[in-house]
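Only this structure's heavy atoms are used, side chains among them; waters, hydrogens and symmetry mates stay out. Lettering of chains follows the sequences in order, A, B, ..., and the numbering in each one begins at 1.
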2 protein chains.
Amino acid sequence: MNPVIDLLKSHRSIRKFRPEPVDQETVNQLVAAGQSAATSSFIQACTVIQVDDPEVRGQLMECTGGQVYVGSAPRFLVFCADMHRHQIACTMHDAEMRSGFTEQFLTASLDCALFAQNVVVAAESAGLGTVYIGGIRNQIQRVAELLELPELVYPVFGLCLGFPDQDPETKPRLPLESVLKHERYDDSQEREIIAAYDEEIREYYRTRTGGNKEMSWSEQISGMLVKEARPHMMDFLNSRGFLKK
Amino acid sequence: MNPVIDLLKSHRSIRKFRPEPVDQETVNQLVAAGQSAATSSFIQACTVIQVDDPEVRGQLMECTGGQVYVGSAPRFLVFCADMHRHQIACTMHDAEMRSGFTEQFLTASLDCALFAQNVVVAAESAGLGTVYIGGIRNQIQRVAELLELPELVYPVFGLCLGFPDQDPETKPRLPLESVLKHERYDDSQEREIIAAYDEEIREYYRTRTGGNKEMSWSEQISGMLVKEARPHMMDFLNSRGFLKK
């Protein structure tokens, strides 16, 4: 359709990077592009922590269960949902902030994601590769302590950044008819749609792994969802002042 | 830096649209671009509902407290965080899905935001304007009923889409030094940074409103945060199977 849409559609995660550094001016430009994303009621609730210290990077890597690129990528950014800045703004006007609402947790988290996605698009437009690291939430308490995050700030995800040293295929997405619905939520054809997509994903893994992995989308998803999903999250977020009501 | 970053930095919300339609093929392309965004563990937890029916659009407008562009924009999309599709996937393998985890609510919501931001960037690259509509969460229960959303699906935000009939300025963002921190969260200069930014925003409103509005960022934020923030959200989300643990 146009070069920007082509760029968006060519996205794939990059987990292997060339050693070339990404200079600070580039990082600043990417973050500025992130800031330009829409923000709910102008709250601007995203703060990025750029971690260069190899010692801390090593510890963050441990927190993710040993994802080596967290330690070795030229740059690593942690996107934090931040309502602490708003607490300071309230103090400046002797206003008593009402915090802890689920809505605030949601808007701050969404702000971060819109911001981060702009950073990713900007990075890819500059020839860089990225991978989001949700794995920092495996040990989110330890990550928050490492980065000295105050109350009302939590680390949403990390992002590795660097020049790609691999060229993986894009991964086929669900059929449009599953994802774009008209007027109302209609799932009457959903099983059939998923079954057809399952074959596509099975084939994708088969060719990509030389036959070593054969798994459909629904198999992968159901295998994941019979397990607990980071059951510590609610307690952690509560302890940081989020999701109290 | 490059045309894509220029595009990202030129973002502003558009609330007034020319009557020209946005054809279905374009919407499909934008949604496909959205699908290409990263997705946590391949869950692909975003479903878009395209609402064209003027009757429903009118009701959605009411839900937002009368934001007219919700009714009048050439296209209106509702981005839903969707774990219902995963429930179907589990059923296909006789697997018992463990749902209700905070982590699942978060990843599904983030998936939606990454997806939607790609749609916005794609739209702007095609000369379209957009505005996110968080206001659908004012009456989120009614929105969920209007769109016939099943359990484990909730409407995150809406998006108006059309060719711009206004050309507003971009809104200055927080200084980079507030938003990009190095190695750890350091807020020792935060009050001073906010105070300087406050002057910039005051001036922005002054020139933009012909002197009718004079408000700093911290005033605006503190005025908002002394109030409750959609206090019905936790109960609503619980009733839909989210945030139970």
Aromatic plane relationship, A:F42 with B:Y197 - under 30° parallel, 30 to 60° tilted, over 60° perpendicular: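 The arrangement is tilted - the two ring planes meet at 30° to 60°.
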Ring geometry between B:H84 and A:Y185 (parallel below 30°, tilted from 30 to 60°, perpendicular above 60°): perpendicular
Is [X] close to chain B through its backbone or its side chain, or both, or neither, when contacts mean heavy atoms under 4.5 Å?
| X | result |
| --- | --- |
| A:V120 | neither |
| A:D82 | side chain |
| A:D198 | side chain |
| A:T170 | neither |
| A:I193 | neither |
| A:E228 | both |
| A:N118 | both |
| A:T91 | both |

Among [options], residue most engaged with chain A (heavy-atom pairs, under 4.5 Å):
| options | result |
| --- | --- |
| B:E219, B:M224, B:R137, B:H93 | B:H93 |
| B:M233, B:K9, B:Q44, B:H11 | B:Q44 |
| B:V51, B:I49, B:I88, B:V4 | B:I49 |
| B:S36, B:S99, B:A126 | B:S36 |
| B:A33, B:A89, B:A229, B:A122 | B:A229 |
| B:S125, B:S41, B:S109, B:A32 | B:S125 |

Heavy atoms of other groups near A:E192 CD, more than 12 under 6.0 Å: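 For A:E192, atom CD is crowded (more than 12 foreign heavy atoms under 6.0 Å).
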Under 3.5 Å: donor-acceptor pair, side chain of A:E183, backbone of B:D52: yes
Donor-acceptor pair, side chain of A:R85 and main chain of B:D187, under 3.5 angstrom: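 Between the backbone of B:D187 and the side chain of A:R85 there is no qualifying donor-acceptor contact (under 3.5 Å).
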Working to the nearest 0.5 angstrom, can you tell me the gap between [X] [atom1] and [Y] [atom2]?
| X | Y | atom1 | atom2 | value |
| --- | --- | --- | --- | --- |
| A:Q35 | B:L176 | CD | CG | 6.0 Å |
| B:D235 | A:K245 | CG | NZ | 13.0 Å |
| A:E145 | B:R184 | CD | CZ | 14.5 Å |
| A:L110 | B:Q117 | CG | CD | 11.0 Å |
| A:M234 | B:F105 | CE | CZ | 9.5 Å |

Out of [options], return the one with the most heavy atom pairs under 4.5 angstrom to chain B.
| options | result |
| --- | --- |
| A:Q87, A:E124, A:Q24, A:M83 | A:Q24 |
| A:Q104, A:E148, A:K227 | A:E148 |
| A:V27, A:V31, A:T47 | A:T47 |
| A:R57, A:Q220, A:R191, A:H232 | A:R191 |
| A:V78, A:L8, A:D53 | A:L8 |
| A:L7, A:I43, A:V56 | A:I43 |

Measuring heavy-atom distances to chain A, does [X] have an atom under 4.5 Å in its side chain, in its backbone, in both, or in neither?
| X | result |
| --- | --- |
| B:P172 | backbone |
| B:S178 | both |
| B:I140 | neither |

Taking all atoms of both residues into account, what is the closest heavy-atom pair of [X] and [Y], and its distance?
| X | Y | result |
| --- | --- | --- |
| B:C90 | A:L225 | SG-CB, 4.0 Å |
| A:S218 | B:M92 | OG-CE, 4.2 Å |
| A:V226 | B:R98 | O-CD, 2.9 Å |

B:Y154 side chain reached by A:L106 side chain, heavy atoms, under 4.5 Å: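 SC-SC contact between A:L106 and B:Y154 confirmed.
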